Structure formats: structure tokens, C-alpha cells
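This is a predicted model, so every value here is computed, not measured.
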2 protein chains.
Amino acid sequence: MGNNALIIMESPKQQYNSQTQETDTMAQNEDKVPTRVLPGFMELLPADQIVFNGMLDTIRGVYEQYGFAPIDTPVIERADVLLAKVGGETAKQIYRFTKGDNELALRFDLTVPLARYVAEHVNELALPFRRYHIGKVYRGESPQKGRYREFYQCDIDIIGNESLSLINDAEIPRVVYDVFTRLGIGSFVIRLNNRKLITGLLNSAGVGELAVEVMRTIDKIDKVGEEEVRQSLTSLGLTESAIQKIFNFLSIKGSVDEIIERLRLLGIEDATFQLGISELSEVIKCMRALGMPDSSFAVDLSIARGLDYYTGTVYETVLVDHPGVGSICSGGRFDNLAEKYTDRKLPGVGISIGLTRLFSQLKEVGIVKSGASTLAKVLIVPLVENSSVPLEIATMLRSQGLSVEVYWEESKMKKKMAYADKIGVPYVVLVGEDEISSGMFVVKNMATRQQTKVPKDQIFSEIS
Amino acid sequence: MGNNALIIMESPKQQYNSQTQETDTMAQNEDKVPTRVLPGFMELLPADQIVFNGMLDTIRGVYEQYGFAPIDTPVIERADVLLAKVGGETAKQIYRFTKGDNELALRFDLTVPLARYVAEHVNELALPFRRYHIGKVYRGESPQKGRYREFYQCDIDIIGNESLSLINDAEIPRVVYDVFTRLGIGSFVIRLNNRKLITGLLNSAGVGELAVEVMRTIDKIDKVGEEEVRQSLTSLGLTESAIQKIFNFLSIKGSVDEIIERLRLLGIEDATFQLGISELSEVIKCMRALGMPDSSFAVDLSIARGLDYYTGTVYETVLVDHPGVGSICSGGRFDNLAEKYTDRKLPGVGISIGLTRLFSQLKEVGIVKSGASTLAKVLIVPLVENSSVPLEIATMLRSQGLSVEVYWEESKMKKKMAYADKIGVPYVVLVGEDEISSGMFVVKNMATRQQTKVPKDQIFSEIS
């Protein structure tokens, strides 16, 4: 099925065009309701869905191995729950509606539902609470390449009671390391930073109150370039000397240990800055103790993660050979998850993988390819009218643990084999008069096209 | 956590009451946003979520073993797509809203999205198309016991091209049999009928044009009783003799073979009726050939499945010891899945399990119980400041395939063990000064409270 297996409406314009072109062929169906998916929604054919689900399973498996427990919250929340924790562009993207007297909204991430969940159930949960959550979220963005209105997020977070050990900040990237290693999508680097560094730097430059705006500006440096960031900082009211301090800081590059050494040499005495250095070096020490190779991570002082709520360690992950894909997994440490919902102080650390976008990008650059359209290991093809022997063989192979499909429709041999090829099943077992009378069944390997004849009780071992 | 682990808002009234009672304790939090889930939405604590997910996995595993391929469609559809295939009460329950110029709606089942999906992709799919779909659906019903506004459906369907072999009607209940056997929720019976029987009977009684209304009425016989059904049929305009014919038919009970024999003895010559008998007996023959024991199914002529679109075999499944739970899995055969969307004739057969309702009912009758709040097999409890040995042991056990959590927070031994008890982890490994210097680590079985001391490389075998 090749590339056609990925069906995405890239833009309303594109959709409009293709509908226009289809006017003629549609004429005969004008009483039919259009079946195309909405722009910005991904819908996959089985050949891709199976690959996608395999990635979800891999992510889930790693999350579970690190002792994260699953939660599943309603997709629909009270609008005020979501609006309490969001502003700006994202607030406009929320799908909102009314049902009865309720103002409702679809969740736009899994972090806000986590905050509500922990606040609601805090007395029943054991803290620290390690949870994973894999589910769909909704943002009514203008559809554009790689942007989806419905997409999967795969989140882990560790939520502490009043405090949370810094070692958790090292365990999170170790989980990320295992996820992307097992997904086998090529070399990647987990880039780390600590927001206390820039916060402390701005304090020491006397512009601490502008920290949030400055970090948002810096976060865009990869996209817009240094000159534009410089101008933006000037219009925020920063002095030339403060801006110079920021750029001196941002220009620090090198190995992890070199960067930490140079940060110390800056001689900035601000306590927050110094805490940033010690947190960053402690996290890196623990990541190494957890067995992460130095090639798998780097310190990047330009990462600020635009969101206000990060207060310490922040992460991004990039593919070494495909930097254009951008960050494939991001997150960080926050001091207080749920202050809108509870007086309890709940610090945490976590990351999120946006799998829908990642999948479509990996397909586009060729790292992920469509597979078979079936999970069946074997297709039984009856060539006789009496179904009892095919039924018996199917039941036998299933009880042996194989995924088995039977082609029950009446049609010519050629059509049956074309079906086997189209779904991409690895093996076919033929059940005809000869096979039944001789007790020897033809097992065809569909990749090699080789056929062997085996007795019924050896079909399983022939296939597996 | 016991029963508290299942958190469901049963009714708006109940919620209102409990909010009223909370007025005092809420006073200090009056600036906080309420975090309770909406009425009619299920939200589980991990101890139940893990059990729920285990059931989802079991269902998925069986579906995959029978060669069903996964699909995943958008939760949001164009409103006109959904409204094309629905009427009556369900249409009123649809969550509808506008975003930009689009009239949107949340899917209320997985059958309508399947119809749209198959119509849209029919040229790319191999037919027969065997798909499973597990996902959330939405119905804005008045919340009441056991009714949910957001719930999981777990569907399988086989969609043919113009025709579809009757053997599929036997494979579907075999899948259902495997699902409920593996779920281990007690004895169950799959009840079968064929809608051609009642359709043929009504034809022969000269009231074929009232078939849909009559079937809807009959479907309620378990709930409202025979007398009320009799009255409803009279007000539909049926003669006493036609009604008597229907009740003679409905009164046929007995073993599967007895019922088929008695249907034949009715001497109704209508071709549809006769086809119904032969389909029913063929399906049962194949179910037996597929290895289903006679105790696992029955013929029940009163099952009509209210929905218009069933045209042949229909199924319901009930728990023998808990008939009050109602049907836990229903479905049937339909002649034309997607006539609103395509001119292609696409017959099919399938079933749906509504897992959210089933789970809450199984919990209520005590068949399903809360488990541990963690998936971790072992919790490592460091008793030293230096984290390197605990980190090393955690990494070692994870690389051996175990799910491992480490308790990193600084607190007293008692609090650490209380955490282990609260999450219900099966094993704890203590890592203190003595353990590190002697190289012998304490492994505690939390169920038996027994402790053993083993060297590092034997921790894995001690636990598994």
C-alpha cells in the first residue's frame, strides 16, 4: 500500500481542491454523505495502524518497566478546569461546547487532567505518584504540515508530596533513552538544561521580573536566529549589558563537563544560578550511574521550554540525522502541579511524547515504513466446500498461540492468493481434497514462495 | 483502597448533595477550581485502572489471535456523517458543537465510524475486512446507574464485498467465547437468534411491513413482560391470530436442536422463515466444529436486537449467575453497512463489548476486584545517601526484564515500608550500609512478610 497507507488531511485548502476535482466522479453519489476525515485528523490504514500501535506498545512497555502506573481520565472536562491552567494561543484552540447546563471542553494535553486527578484523589494516592497516561488530546489549530487537531500524547510524570528527589530528574531521561532505543528510530540526543540557570542569570543582571518573557524569547532562537532574539530582548527593555550577559551564557558550548565547568567560571554568585549548576551536575551524575552513555545526552543552555510552569530541569530530544523533525520528546521539572485545584504543594517532573506527529514525521523521512495489513501469522485457504477440516486446523493453530485467519469466501484460487498477498500474511495453509485425503497439508511461505507438505500436527512447527 | 477505587458519579443529584455537604471543608479552598469528574464519566484509581487495562489487553489479544486488524478513527466526526446513520433517542444524545465553519460531533459508537472508514478506503482495503476497534464513545444520556456518557467499546466486525460467508457468523461467537473464558468472569451463555425467523413469521401472518416495530416491541419482553408486549402489538394493529402466532413462536424453548426441530414443525412455508432456520442450524453446526461446547450457547427466539440494521444472526451474551447484569456483548449480521456513504454493497457481521459498563457491574457484583496500585514487581528502598548502588541494582533488574521502582525520597524506614504496602508491590529490596559492605541484600516478600538475604546477582531469581 506504500505511502497511501498514511491518510492525513494536510490543509483545508488541499481538501477543498481535491473535492473540486472529484466533482465528476462524485456525481453518481450525490445522495451519499462525504466520508473524508476532517482536516488535521490522522486516520491510518491497517498497514500503518499496526506499526503505530506497535510504537504505542513499546512506549507503554518501557513506562511500565520503570514502575509507572496507568491512569485514564475523561476526554471531556469542565471548561473551567482546563481554562484555569491555560492561556494565550492554546486557550483559543480548545474545543468548547455546552451540553445541558455544563460548559464542557476537550482536553488539550494530559498534564492539566493529571493536575486535576491528583488534586481530586490526593488522599487516596501513594506519593510519590508515578503515572503514565497514553491518550488522545485535541487542539483546534489551523491544520498545517505536521500539526494535528487530534493526537496521541504519551506522558510520564512523578508527583511528590511537598518535595521530590532530584534523582527522579535523572530517571526520566533514562526512560526516554530506553523508549527511543527500543523504538529503533536512529541516533538521538536528549538535550538538558536547568531553568534556574537563566532565572539566576537574569536576577544577577537585575531583570529577574522579566524572566518568563525572556525565556519565551530565547526559546525561539533556533527558529528566528540570534539577531531577532537580540532585538526582541531590547524591546523588552533589557540593557545592552544584560543582553550581552545572556548571549555570553548562551554561547557556552562543549561537552557536558566542559559546560558545567564554564558555568562555574562565569562567577555569577546568585544563589538560584548556583543551585542550577549543582542540580544540573547532580542530574548528570545520576544519569551516568543509571547507565546512560554520554553520547545519548547533552547540555543545551538555549532550551527554556516556553511554558511558564517549569522551574528546574528541562528536556528536549532530537534525532541526530533528522534535526528538522524538531523535539520528539519534551518536558521538565515543575514546583507545583496543581495550585489551581488544591492547597497541597505537589512538585513533579515528567515528559511527553506526541506520537501522532512523530509517527507522521518518521514516515515522511522514511524511518518508519508500512508493514503488513494483518496481524495474522497464517491464512488458511479452504479449497473444499466442507468447512470442518479448515475449522479444525484453525482452532488447533489458535490453541497453539498463533494468530490465524481463514478465507471463507467462495472464489477462485487466484483471488484467494491475491487476498493473501494484499494483506501481507506470512504463511498460507491450503486445505483441499488431496490434503484431506492424504493428511499432508501445503504450507506456503509467502515471502519466499516456497511450499512444503507436512502432516497436520507439524503445521505449527513449520510456521513458527 | 477497596471499593473507593471505583469513582463514578452516579447522578447529578448525588454529586450536588456531596458538594453541599462539603461546603465547610471547601471554604478554605474557595479560590480553587472543583476537580470532581463530570456525572456519567468513569475515572479509576490505579488499583482499578490496572485491572481494567488488563481486561482491555485480554480482549485485544483474543481479537488479534483471530486475525482482526486494528483501526483507530477520529473521536470527532462531521455531524452529518453521524446523523446519517442514527435517529431517535441516540440522535438527541450526541455531543455536537461547531468549530470554525464545521458542524462536528463526538462518535456515539464504533459502527458508524467503521461504515465511513470502509466507504472511504474501500479501494485500498482487502475484503473481507476483519477489523477490531477499541476506543471511547460518547452519549449524553441522563446519568443513571450503569449508564455512562463516555465509555469504551471493543468491537469486531467482518465486512464482505457483495456477500459474506455464513461461517463468519459462527466465528464471531467463537471469539466471544474465548474472550469471556479468558476474562474468567464466570459462566456465560451466548444467546443466538436469526432475524429472518421473525421477519418470515410476520410475512406469513400478513404483517411484514410492521416487522421493525414488532421487533422493537418484542425486544422489551424481558423488561416489561408478556402482557405489555401483547397490548403494544394490538395497538400496532396486529390481529389476535397474528399475535398468537408470534407468541407460539416465542414460546418455543429447549435445547438448540430441539428448538430448530420445533421451528421446522411449525410448517411455515415463507421462504425467509425457512432461510432463517437453515442459517441458524448452519451457524450452530460451525460453532460446534469450532470447538464451542453446547453449554456455552443457546437459541433464544425472543432476541431481536432493536436496531433496524440487523438482518440475520443476532447475538446477546449473559452471565449465568448474574442475569441482572444484562447482555455483556451483543451484535449480529447486517446486509449493508455503509449505504449512506457508498453504492458498494458491504454486508457484515460483528459484536461489541461495552467494557466500561461491564467493568463497573462486575465490580459491583464482586467478580472483579481491585488489585495492586503498581505494576512494579519490586520496590528498591535505599537506606543510604549515596544513590549509586540502588541505581545500579535498579538498572540490573530492569535489564533482566522486571518492572522496578525505587523509593528515592528521604524519610523514615517506617514511611518507606508504608508506601510499599500502599502501592501493593510484591517485593522490596533493602539497600543499606550493611548490605553494600556485605554484598548481601535483603529481599522482602510483602505478602508473606518473609525476608531473605541474597547476593546482588541472585536478587532476580529470588523474585521471579
Side-chain angles (χ1 to χ4, degrees), chain A residues 1 4 29 32-33 35-38 41 43 45-46 49 53 64-65 67 69-75 78 80-81 84 95 97 99 116 119-121 124 126 128 136 140 150 165 167-168 286 289-291 340-343 373-376 387-388 391 395 398 403-405 408-409 419 422-423, chain B residues 1 4 29 32-33 35-38 41 43 45-46 49 53 64-65 67 69-75 78 80-81 84 95 97 99 116 119-121 124 126 128 136 140 150 165 167-168 286 289-291 340-343 373-376 387-388 391 395 398 403-405 408-409 419 422-423:
Chain A
M1 298 191 180
N4 289 329
N29 286 333
K32 303 296 178 189
V33 177
T35 54
R36 203 174 290 262
V37 290
L38 289 157
F41 287 73
E43 179 164 277
L45 287 171
Q49 192 68 55
N53 290 7
E64 292 187 349
Q65 201 171 12
I71 72 167
D72 182 14
T73 67
V75 170
R78 287 177 218 280
D80 56 357
V81 165
Y95 285 94
F97 51 96
K99 185 85 183 171
R116 183 197 52 69
E120 173 68 17
H121 307 303
E124 296 144 294
K136 288 178 169 181
E150 176 187 68
S165 164
I167 303 178
N168 293 294
C286 291
L290 275 162
K340 301 290 183 191
Y341 311 122
T342 175
D343 288 330
S373 297
T374 183
L375 291 159
S387 57
S388 61
L391 284 172
T395 304
R398 283 173 184 142
S403 173
V404 179
E405 180 179 344
W408 292 120
E409 306 314 302
Y419 175 83
K422 190 164 184 184
I423 63 171
Chain B
M1 301 190 179
N4 289 330
N29 286 333
K32 303 296 179 189
V33 177
T35 54
R36 203 175 291 261
V37 290
L38 288 157
F41 286 73
E43 179 164 275
L45 287 171
Q49 191 68 57
N53 290 7
E64 292 186 350
Q65 199 171 12
I71 72 166
D72 182 14
T73 67
V75 169
R78 288 178 219 279
D80 56 357
V81 165
Y95 285 93
F97 51 96
K99 185 88 184 169
R116 183 198 50 69
E120 173 69 16
H121 308 302
E124 297 144 292
K136 287 178 170 181
E150 176 186 69
S165 164
I167 303 178
N168 293 293
C286 291
L290 275 161
K340 301 289 184 190
Y341 312 121
T342 176
D343 288 331
S373 297
T374 183
L375 291 158
S387 58
S388 62
L391 285 171
T395 303
R398 283 174 185 141
S403 172
V404 179
E405 180 179 344
W408 291 121
E409 306 315 302
Y419 176 84
K422 190 164 183 185
I423 64 171

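When each of B:Gly67, B:Ala376, B:Ser388 is scored by its heavy-atom pairs under 4.5 Å with chain A, the top score falls to B:Gly67. For the set A:Asn168, A:Leu290, A:Asp72, the count of heavy-atom pairs under 4.5 angstrom toward chain B peaks at A:Asp72. Interface check for chain B: of the options A:Ser165, A:Ser387, A:Ala69, A:Ala119, the most heavy-atom pairs under 4.5 Å are formed by A:Ser165. The most heavy-atom pairs under 4.5 Å with chain A, out of B:Tyr95, B:Trp408, B:Tyr419, come from B:Trp408. The candidate from B:Pro128, B:Ala84, B:Cys286 with the greatest count of non-hydrogen atom pairs under 4.5 Å with chain A is B:Pro128.
For A:Glu64, the salt bridge (charged side-chain N to carboxylate O under 4.0 Å, His left out) partners at least two apart in sequence or on another chain are A:Arg60.
B:Pro46 places none of its side-chain heavy atoms less than 4.5 Å from the side chain of B:Ile423.
A donor-acceptor pair is defined here as one N or O able to donate and one able to accept, closer than 3.5 Å; no such pair exists between the side chain of A:Gln49 and the backbone of B:Pro70.
When heavy atoms are compared at a cutoff of 4.5 Å, B:Thr73 approaches chain A by way of both its backbone and its side chain.
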Can you check side chain to side chain contact (heavy atoms under 4.5 Å, CB included) on B:Val75 and B:Lys136, steps first, answer last?
CA-CA 8 Å; B:Val75 169; B:Lys136 287 178 170 181; 5.7 Å; no

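When each of A:Arg116, A:Arg78, A:Glu120 is checked for a side chain to side chain contact (heavy atoms under 4.5 Å, CB included) with B:Val37, only A:Arg116 meets the rule.
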